[in-house]
Engineer: 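Pasting in a structure now, in structure tokens, and then I'll have a few things to ask.
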2 protein chains.
Amino acid sequence: MTVSKTAEKSSEKSGEAAKGRKDAGEPLAETLQLGELSEQLGYVLKRAQLKVFENFLRCMASLQLTPAQFSVLLLVEKNPGRNQTEIASTLGILRPNFVAMLDNLESRDLCARIRSTNDRRSHILVLTDKGKAVLARAKKLVATKHEARLNDLLGQSNREALIAMLSKIANEF
Amino acid sequence: MTVSKTAEKSSEKSGEAAKGRKDAGEPLAETLQLGELSEQLGYVLKRAQLKVFENFLRCMASLQLTPAQFSVLLLVEKNPGRNQTEIASTLGILRPNFVAMLDNLESRDLCARIRSTNDRRSHILVLTDKGKAVLARAKKLVATKHEARLNDLLGQSNREALIAMLSKIANEF
DNA sequence: TATTGTTATACTCTATAACTATA
DNA sequence: TATAGTTATAGAGTATAACAATA
């Protein structure tokens, strides 16, 4: 390798190049130092969230449910008789953006909009029979493939502590 | 630990909420039941991440730095002499998307691209003097306003445990 | 007048293909 | 041929204004 006097370092190809190095004084410098970044709450939180969503999508591939869609089905099941505005706002979804999402779920016959008799402006949301069945299967997949993985990684008690701390941040930060 | 009391969105617009309620025995039902959602890792992770980023932006309002921009400055400072591809890929940013981001930082005179003498295709990244000064101020703001808030909320040891668990998820999930 | 669901729209993030200049 | 930086572009996700039906 041409050791240049001017520039710091060139793009050191792959591991093989650095593997054969004999000058033991310097660190390999092959991988970048994250430094303080690895202690930044926001950074590690974002990276963890991306990994978890990615895993969620893989686990749910057979049902074709995104995390957001799963949360809608869960909330509708738990709160029958609520309208779009209530479900959406609870999930932090803006009403205009909730329309296309519901169109999707309704077109797949997972949930249905029912015009309220009390207030004919409102659409009451309910799960269809297929929606209930799919949600039941989704819950099993999440429990056995997704959340179980977290238990393997952290252990049951740590997992509970993690959820509790994240909830606290979500609610009080 | 139990899940802390939620103050979710409290979408209590007007007294209209108590519309059809006649028997006083039932719970208000004004707020929706989150149910299993509050135990879903992905859900609570995402909500926490949004809150943390939101707080970060408020803390950094005077410096106009986003979490992503802050992470770039930190990484460039810690790894001088690296090129765009190395910095971007370490942060999980795709090279095409990194261009506009660097244009922004460079236009604000926070960092600079220097054509490498070894490989004239590469742009070596460095912080300008102003960039170093701004980053130093940013670090102080993050430590005193942002991360300190996490300590207040969870305590020092819990905070460390949280970061450790999130790192583990980010790296091994 | 206010609210529900909706449309239209815009802005940010993210993702892929292809170009250029170097190697 | 392959790689670094770049352009163009497309797709999600998210944000606001405004309109029709209804209250």
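A quick note: this is a predicted structure, and the numbers were derived from the prediction, not measured. Residue numbering restarts at 1 for every chain, and letters A, B, ... go by the order of the sequence lines.
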Engineer: Between A:Val99 and A:Lys46, name the one whose nearest nucleotide on DNA chain C is closer to the 5' end.
Structural biologist: A:Val99

Engineer: Below 4.5 Å, heavy atoms only, C-beta onward: do A:Leu166 and A:Leu162 meet side chain to side chain?
Structural biologist: yes

Engineer: Find the distance between SG (B:Cys111) and CD (B:Glu106) and round it off to the nearest 0.5 Å.
Structural biologist: 6.0 Å

Engineer: Do the side-chain N and O atoms of B:Arg113 and B:Gln84 include a donor-acceptor pair separated by under 3.5 angstrom?
Structural biologist: yes

Engineer: When the distance from CD of B:Glu86 to P of D:dG5 is rounded to whole Å, what number comes out?
Structural biologist: 8 Å

Engineer: Do B:Arg108 and B:Leu65 come close enough that some side-chain heavy atom pair is under 4.5 Å?
Structural biologist: yes

Engineer: Check whether the side chains of A:Glu160 and A:Gln156 place a donor and an acceptor atom closer than 3.5 Å, and report yes or no.
Structural biologist: yes

Engineer: If you pin B:Leu102 and A:Thr117 to their nearest nucleotides in DNA chain D, which one's is more 5'?
Structural biologist: B:Leu102

Engineer: Would you indicate, yes or no, if D:dA4 has its OP1 or OP2 atom less than 4.0 angstrom from a side-chain nitrogen or oxygen of B:Arg82?
Structural biologist: no

Engineer: Side chains of B:Leu127 and B:Leu110, heavy atoms from C-beta outward: is any pair under 4.5 Å?
Structural biologist: no

Engineer: In whole Å, I'd like the distance from the CZ atom of B:Phe53 to the C1' atom of D:dG13.
Structural biologist: 15 Å

Engineer: Using a cut-off of strictly less than 4.0 Å between a heavy atom of the residue and any atom of DNA chain D, enumerate the qualifying residues of residues 119-128 of chain A by number.
Structural biologist: A:Asp119, A:Arg120, A:Arg121

Engineer: Whole Å only: how far is the CG atom of A:Leu91 from the P atom of D:dT14?
Structural biologist: 11 Å

Engineer: Taking atom P of D:dT3 as reference, at what distance in whole Å does atom CZ of B:Phe98 sit?
Structural biologist: 20 Å

Engineer: Which is more 5' along DNA chain C, the nucleotide nearest B:Ile93 or the one nearest A:Arg115? Just name the residue.
Structural biologist: A:Arg115

Engineer: Can you tell me the distance, in whole Å, between the CG atom of A:Asn97 and the C1' atom of C:dC11?
Structural biologist: 12 Å

Engineer: Once you round it to whole Å, what is the distance between P of D:dG5 and CZ of B:Arg113?
Structural biologist: 9 Å

Engineer: Among D:dT6, C:dT6, D:dT16, which is the nearest nucleotide to the side chain of A:Arg95?
Structural biologist: C:dT6

Engineer: Is the A:Phe56 ring parallel, tilted or perpendicular to the A:His146 ring (thresholds 30°, 60°)?
Structural biologist: perpendicular

Engineer: Rounded to whole Å, please give me the gap between CE in B:Met101 and C1' in D:dT7.
Structural biologist: 19 Å

Engineer: Over how many whole Å does the gap from A:Leu94 atom CG to D:dT16 atom P extend?
Structural biologist: 7 Å

